[in-house]
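Everything on this sheet refers to the single structure shown next.
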Amino acid sequence: MTTSKASESAASSSAGAAGRPRLVSVRKARRSRSASVRRRRRSSSIVLLLGLLATGFMWTVLAPGGNATETPDANEAVRQGRALFAQGCATCHGLNAQGSTQGPSLIGVGAAAVDFQMSTGRMPLAAPAAQADRKDPLYSETQIDQVAAYIQSLGGGPEVPNLTGEELNDADLAEGGELFLANCAQCHQAAGAGAPLTYGKFAPSLSQATPDQVVEAMRTGPESMPVFGPGQINEEEAVAVAAYVRHLQDAPAPGGASIGKYGPVPEGLVAIVIGLGALLGVCLWIGARQKL
């Protein structure tokens with residue numbers, strides 16, 4: 001019995017001794033695999049880092065530089081315009097330009113509508129009236145551009161035309177006159193002197209209108225004026241109309257005093273009053289001489 005126990009102990013010892021190398025080899029294999037995985041991870045990280053660095057370098061070299069300088073300026077103009085709008089316009093048009101009972105929504109009207117209304121001094125409006133009169137602008141040109149940029153950012157719309165002198169000089173003046181007489185003279189009068197309408201409204205005189213304001217008015221339709229879109233009057237024709245209005249402002253009066261350019265009615269009235277008055281005075285003078 002003692003011999004059997006000894007043999008069992010020897011067999012157990014020999015089995016443990018044989019299992020240890022296998023256990024050591026398993027642990028070494030696991031360590032080797034772990035080291036291999038770590039090396040692959042480090043290699044992947046290095047490759048990813050190099051790829052990101054290369055992408056950043058290529059973007060820096062090849063990316064266009066115009067937008068990077070224009071976006072902050074545009075955002076700054078919108079920010080300043082929002083502040084000016086909240087101070088001087090939100091009372092009637094709402095904090096977000098959504099409109100109210102005192103003023104219409106400005107979402108989608110575009111920068112051209114803002115530039116026209118503010119550059120002509122019609123807005124901001126001091127008190128409700130049948131129609132806003134032209135007056136000196138309350139805001140500077142820079143401030144008007146900022147408010148226009150803010151409104152343009154809300155929903156787009158017609159932009160400020162910014163016509164050049166070369167465009168106006170090259171415009172077809174005869175075509176502009178025909179378009180003006182066909183579409184504008186019914187309200188603004190043939191010489192652009194303006195005329196009264198109904199319910200206290202009126203077509204204003206164009207004697208102070210700039211070429212940009214003429215195009216803006218056609219595109220946005222302020223007050224009672226209809227909107228003339230590109231489908232009715234294209235860009236070239238709009239410039240021609242603006243050039244014709246400028247011609248009306250600068251054209252000389254060969255007959256002498258233009259009397260406001262209101263046409264033959266005031267001229268005939270002046271002729272009757274002054275001419276008949278002068279003839280009557282001469283007749284009275286001749287009659288007085290004969291009596292003597």
Side-chain angles (χ1 to χ4, degrees), residues 59-60 63-165 167 201 204 206 208-233 235 238-239 242 245:
W59 174 259
T60 303
N67 292 337
T69 57
E70 292 174 2
T71 301
D73 293 339
N75 292 339
E76 178 64 17
V78 171
R79 188 181 70 82
Q80 295 289 345
R82 184 186 296 112
L84 291 169
F85 180 89
Q87 182 181 11
C89 313
T91 303
C92 295
H93 295 285
L95 288 175
N96 298 313
Q98 77 277 11
S100 68
T101 57
Q102 300 296 324
S105 170
L106 300 182
I107 298 175
V109 301
V114 176
D115 185 73
F116 176 84
Q117 295 289 350
M118 297 185 70
S119 66
T120 59
R122 291 180 168 88
M123 292 293 160
L125 192 63
Q131 184 166 323
D133 294 325
R134 185 184 182 113
K135 56 184 182 296
D136 294 334
L138 185 62
Y139 292 88
S140 67
E141 184 175 350
T142 301
Q143 291 174 324
I144 293 173
D145 291 341
Q146 291 169 346
V147 177
Y150 169 62
I151 297 300
Q152 186 73 23
S153 70
L154 296 180
E159 297 184 354
V160 179
N162 293 322
L163 302 181
T164 63
E167 289 179 294
K201 298 183 178 182
L206 303 180
Q208 295 179 298
T210 65
D212 286 344
Q213 291 169 355
V214 173
V215 176
E216 289 168 348
M218 287 190 288
R219 295 303 188 220
T220 62
E223 303 291 350
S224 301
M225 182 173 173
V227 176
F228 295 94
Q232 297 169 291
I233 297 179
E235 296 302 324
V239 175
V245 172

Under the salt bridge (charged side-chain N to carboxylate O under 4.0 Å, His left out) test, residues paired with E235 that sit two or more places apart:
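Scan of E235 (salt bridge (charged side-chain N to carboxylate O under 4.0 Å, His left out), adjacent residues dropped) gives R219.
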Would you call [X] and [Y] a side-chain contact if the rule is heavy atoms closer than 4.5 Å?
| X | Y | answer |
| --- | --- | --- |
| D115 | I144 | yes |
| R122 | R134 | yes |
| P204 | Q131 | yes |
| M123 | C89 | no |
| Y139 | V147 | no |
| Q146 | F85 | no |
| V215 | L163 | yes |

Between [X] and [Y], which heavy-atom pair has the shortest distance, and what is it?
| X | Y | value |
| --- | --- | --- |
| I151 | V109 | CG2-CG2, 3.7 Å |
| A242 | P211 | CB-O, 3.8 Å |
| P124 | G88 | CB-O, 3.8 Å |
| L154 | A97 | CD1-CB, 3.6 Å |
| S100 | H93 | OG-N, 4.4 Å |
| I233 | A238 | CG2-N, 3.5 Å |

Selection residues 98-122 - residue pairs positive for ring pair (Phe, Tyr, Trp, His ring centres under 6.0 Å), sequence neighbours left out:
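For residues 98-122, and leaving out neighbouring residues, there are no ring pair (Phe, Tyr, Trp, His ring centres under 6.0 Å) pairs at all.
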Rounded distance [0.5 Å steps], [atom1] in [X] versus [atom2] in [Y]:
| X | Y | atom1 | atom2 | result |
| --- | --- | --- | --- | --- |
| T91 | L125 | OG1 | CG | 12.0 Å |
| F228 | T220 | CZ | OG1 | 11.5 Å |
| S119 | L138 | OG | CG | 13.0 Å |
| M118 | S140 | CE | OG | 9.0 Å |
| T120 | D133 | OG1 | CG | 10.5 Å |

Other residues, nucleotides and ligands only: do more than 12 of their heavy atoms fall within 6.0 Å of CD on Q98?
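Count over threshold, so yes.
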If the test is side-chain contact (heavy atoms from CB on, under 4.5 Å), which one of E216, Q152, Q213 qualifies with V160?
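Between V160 and the candidates, side-chain contact (heavy atoms from CB on, under 4.5 Å) is satisfied uniquely by E216.
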Taking G229's backbone N and O only, do any of them form a donor-acceptor pair with Q232's side chain (distance below 3.5 Å, no angle check)?
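Judged by distance alone, yes, a pair lies under 3.5 Å.
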Donor-acceptor pair, side chain of E167 and main chain of T164, under 3.5 angstrom:
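Indeed, once roles are kept as given, a pair shorter than 3.5 Å links the two residues.
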